[in-house]
Amino acid sequence: MSTEPRTPMMRQWHEIKRAFPDALLFFRLGDFYELFYEDAEVGARELDITLTGRDAGAEGRVPMCGVPYHSVEQYLSRLVARGYKVAICEQVEDPKSAKGLVERRVVRVVTPGSRIEDSLLDARANVYMASVARARQRGRTAWGVALADVSTGELICADAGDNPWELLSAWDVAEVVLPESLAGEDAEAGARALGASVTRWPDRHFDPGHATEFLCRHFGTITLAGFGVPDRSPEAAAAGALLAYVEHTLQGRASQTTELRRWEGEDALRLDPATRRNLEIRQRLDGSFHGSLLWAIDFTMTPLGARLLRRWLDFPLRDRRVIEARLEAVSALVEDGTARAAIRAALRGVQDVERLVARVATGRATPRDLAALRESLRASERVLQAAGPAVAGLLAEHADALQPPRDVLDRLETILTERPPVSVSDGGVVREGVSAELDELRALQRDSRATLARMEQRERERTGIRSLKIGYNKVFGYYIEVTHANRDAVPADYVRKQTLANAERYVTGELKELEDRLLHAAERALQLEAEIFRDLCASVAARVAALQRLAHALGVFDVVAGFAELAAARGYVRPAICEEPVLEAAALRHPVVEALLGPGRYVPNDVRMDADRRFLLLTGPNMAGKSTYARAVALCVLLAQIGSFVPASFARIGLADAIFSRIGASDDLAAGESTFMREMVETSRILRQATERSLVVVDEIGRGTSTYDGLAIAWAVAEDLILRIRARTVFTTHYQELTSLEGRLPGVQNLTMAVEERPESGEIVFLHHVRPGAADRSYGVHVAALAGLPEAVLARAREVLASLETGGQGRAWPASTAPGDVPAPVAAAAEAAQADHPGAPAAASQLSLFGSVGAERRAAHPLERLLRALDPDGLTPREALNLLYEWKRRFGREERP
Ligand code: ADP
């Protein structure tokens, strides 16, 4: 600032603002938070509020705008959603007792990743703040990452190898904290690709030694080895820097963080970002939640369970033992419906213990929060009782943690009133019988009130004014009010205090004395209540770790009971888990499509994959259910590996190390500038990363480019998957040509979607039933008809199709396809593509000739020749009909080239 601000308050503002240069400063002034200077301009613009000015002494008027304190959260959420940071500056002493300028301090910095306020958070999802640290190790660059959820206290770190962004992409990261030296293009672009906002944080926080020391001090340890984190490692650097930033946003100790967890990503089944998107796990391709896998399977009752389920879905397991522990637990609750119902009923009383505890630990809890915690602890005991003997597997590991810490629950029960107010300053937080002094003060207040009532009665009798009343207001205190009509009856000892339109207010010495006593008692009582409440919070905070374990256990019970409910409601079965790369299921359904269609409308299908059937090639018309089948297979494996039952009547699943799913460009609604490019990028990722233990679902690859290109690519990709990678694969395609791989390459099985053609109308019906074999034809024109394409266009399409089908007659298929050979169909396709080129004289140009120049230049179809030779007048109706049947037999099922 060029001019030294004159008024002391503006000087205070400048001083505070200097410490938070990158945040909008919400400066508390009475009942408002005010913004000044550029902050005010941003605030007025973003919040759509009026920009005013304030006299700032020598500076003249400076821009200002403000929001009322009671609705601040709504404004905060708008600013934070747009990526702003907001420093909340409060008055930290009572303006009444302040001498001169009220002391103010920033008590909290709200950033996209550091939201703790309930109103700014989705209860069913975590919001993470992440940090990324880089180190040189043995001549190569090593990355460490850390993640923190400030609202729950969770702190995780991981060795991210050579790419921190892939690891972070599996988490909901709202803000990435980068060392200033890294805040260049690459790292920032990586962070922004996650949809996160970027914060720069001084490099010294990321120094591995400094960060390790900082963490050790926080946890009271001398090394991080106990957490499984190497001291001075890149992940320790990331975690230390992140925790320091968390403390900056909280403007105090992050006491809700009681543990550092090392993330062992290698233990999880791998799902790359494209696969997560394509399988529509958390949301559909169009961004909606309705119709996602999570939507279909989330039967949880509490925010704790909802968040844990997301975590399980984001990180499916690979360790058979851990999966079995979950399945065992689910199984027990599927069988014991009574216990399941009782657990779920008890869970209804559980609130967001994790976030409540975090608020207690950071000194932000309200009396209502403690009451909610108490209610949840009571419910936790009920959950434990309800589970009874049905506790098995994973639940057995967590049952003990459900027992609330006795001391905490006892204190909450004995001290806190049943329905405390939101704010301690409203009083009524502490029960009777907790403090003798408080009880006495309350008795005094009660007595005084009775005395007041008696005094009012007595004065009415003494003055004869029946409408006389004793009242109270904040400015004047207690008064006796007499209407003007009765002014003459007012006794001489009444002292006038205030005149209203139709009444006069007075005090007496006696009233004043009573008032002093009463106000003093009330004030002292509130002070006492505040002290007792603080103590209570402290004793709860002392048990943070146990309460966090309890919160986690509640989440586990909730998810497991939800899985059991899902299984019971929709007829899911426990999958048998094995290590061999097999996949068998009977009456398999797609969990989401089944849920959307409602009971009984989904056509179940079987699947069988093993060494002889590793590669299922699924052909069939559009809309017949190919991709639904392929995804059902992938989701079945995914569900099994998060420990859920699966939508089938029987399932045996060989654990997969990864699931890859790729869908053709034209199915991809989230289309970018080049969907085909993206399709190829994702395909190459599959080919580079999939192993023999992976499950690969490739849906309509090559659709984003010309037919021959597409066929050539699909063919080559299929061969690579079959011969080199040998992963279990479901490959759907509309390229009939690929069906010739069956019998020529090992492990290939052709499957097709059954379609029924109504002989009378020629209409086709999709049966959604998968059977061995290849599709007869594509039926694309039929689908177009179903979609309502105009009849004239359809008729023309049938003509063109007939012409193409006869034109392709001569194409030959290879006798064998060996790796390395250019497969003949591809060569043929390439030839044909050549012929397609303008100027090339060839058979392939007949499409343009057909109809415009004349039918006589085409090579005639045999049926056409027969028709030409036929004299219909020479036929009996019976013969005509026989001929029709004969032709139908000969040509009706003809393979399309
Ligand atoms: P394709 O991939 O062959 O074009 P889809 O898998 O997209 O076909 O399926 C088309 C529609 O058919 C889906 O929207 C779904 O509602 C329905 N469908 C698919 N499979 C089944 C099934 N097994 N039972 C009932 N309806 C199904």
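Each ligand, and each atom within it, is numbered from 1 in the order the structure gives. As the structure is a prediction and not an experimental result, all values here were calculated from the model. Just the heavy atoms: all of them, side chains too, but no hydrogens, waters or symmetry mates, feed the values below.
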Asker: I'd like to check which ligand 1 atoms, numbered from 1 as shown, lie under 4.0 Å from a non-hydrogen atom of Pro621.
Answerer: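 Close to Pro621: 3 (O).
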
Asker: Check ligand 1 against Thr628 and write out every atom of the ligand that is under 4.0 Å from a heavy-atom position of the residue.
Answerer: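 Reading through ligand 1 atom by atom, the close ones are 5 (P), 6 (O), 9 (O), 19 (C), 20 (N).
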
Asker: What side chain to side chain donor-acceptor pair (under 3.5 Å) pairs are there with at least one residue in residues 639-650, not counting sequence neighbours?
Answerer: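 Qualifying pairs: none.
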
Asker: Does ligand 1 come near enough to Tyr629 that some N or O of the ligand is less than 3.5 Å from an N or O of the residue?
Answerer: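 There is no such contact.
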
Asker: Can you name the atoms of ligand 1, numbered from 1 with element, that are less than 4.0 Å from a heavy atom of Asn622?
Answerer: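 Atoms satisfying the 4.0 Å criterion: 4 (O).
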
Asker: So, applying side-chain contact (heavy atoms from CB on, under 4.5 Å) with Phe615, which one of Asn750, Val748, Leu723 is it?
Answerer: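 Only one of Asn750, Val748, Leu723 forms a side-chain contact (heavy atoms from CB on, under 4.5 Å) with Phe615, namely Val748.
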
Asker: So which heavy atom on Ala634 is nearest to which on Ile659, and how close?
Answerer: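 Smallest heavy-atom distance, with atoms named: O-CD1, 3.7 Å.
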
Asker: So, is the end of the Arg326 side chain (NZ or CZ) under 6.0 Å from the ring centre of Trp312 and within 45° of the ring's axis?
Answerer: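 Because its charged atom sits under 6.0 Å from the ring centre and within 45° of the axis, Arg326 does stack over Trp312.
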
Asker: Which atom names give the shortest non-hydrogen contact between Asp606 and Ala587, and what distance separates them?
Answerer: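 Nearest pair, atom of Asp606 first, then Ala587: OD1-N, 2.8 Å.
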
Asker: If I apply the N/O under 3.5 Å rule, does Ser627 come out as touching ligand 1?
Answerer: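 Right, the criterion is met.
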
Asker: Taking the side chain as everything from C-beta on, heavy atoms only, tell me whether Arg340 gets closer than 4.5 Å to Glu565.
Answerer: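 In short, these two side chains touch, coming nearer than 4.5 Å.
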
Asker: Decide whether the shortest distance between a heavy atom of Gly620 and an atom of ligand 1 is less than 4.0 Å.
Answerer: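 Not so, Gly620 does not reach ligand 1.
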
Asker: Do Gly625 and ligand 1 have an N or O pair less than 3.5 Å apart?
Answerer: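 Right, the criterion is met.
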
Asker: Do we see a donor-acceptor contact under 3.5 Å between the side chains of Arg277 and Gln283?
Answerer: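 No, Gln283 and Arg277 have no side-chain donor paired with an acceptor closer than 3.5 Å.
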
Asker: Check Pro303 against Ala123 and note the closest heavy-atom contact, atom names and distance.
Answerer: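 Distance-wise, the nearest heavy atoms are CB-O, 3.3 Å.
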
Asker: Side chain, backbone, both or neither: which part of Pro604 comes within less than 4.0 Å of ligand 1 when only heavy atoms are counted?
Answerer: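 Near ligand 1, Pro604 shows nothing, with every heavy atom at 4.0 Å or more.
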
Asker: Heavy-atom distances under 4.0 Å are what count here, so tell me which part of Leu597 touches ligand 1: side chain, backbone, both or neither.
Answerer: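 Answer for Leu597: side chain.
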
Asker: Measuring from the heavy atoms of Ala630, does anything fall under 4.0 Å of ligand 1?
Answerer: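 Judged by the 4.0 Å heavy-atom criterion, Ala630 does not count as contacting ligand 1.
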
Asker: When only distance counts, is Arg601 in polar contact with ligand 1, meaning an N/O pair under 3.5 Å?
Answerer: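 In this structure, Arg601 places no N or O atom under 3.5 Å from an N or O of ligand 1.
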
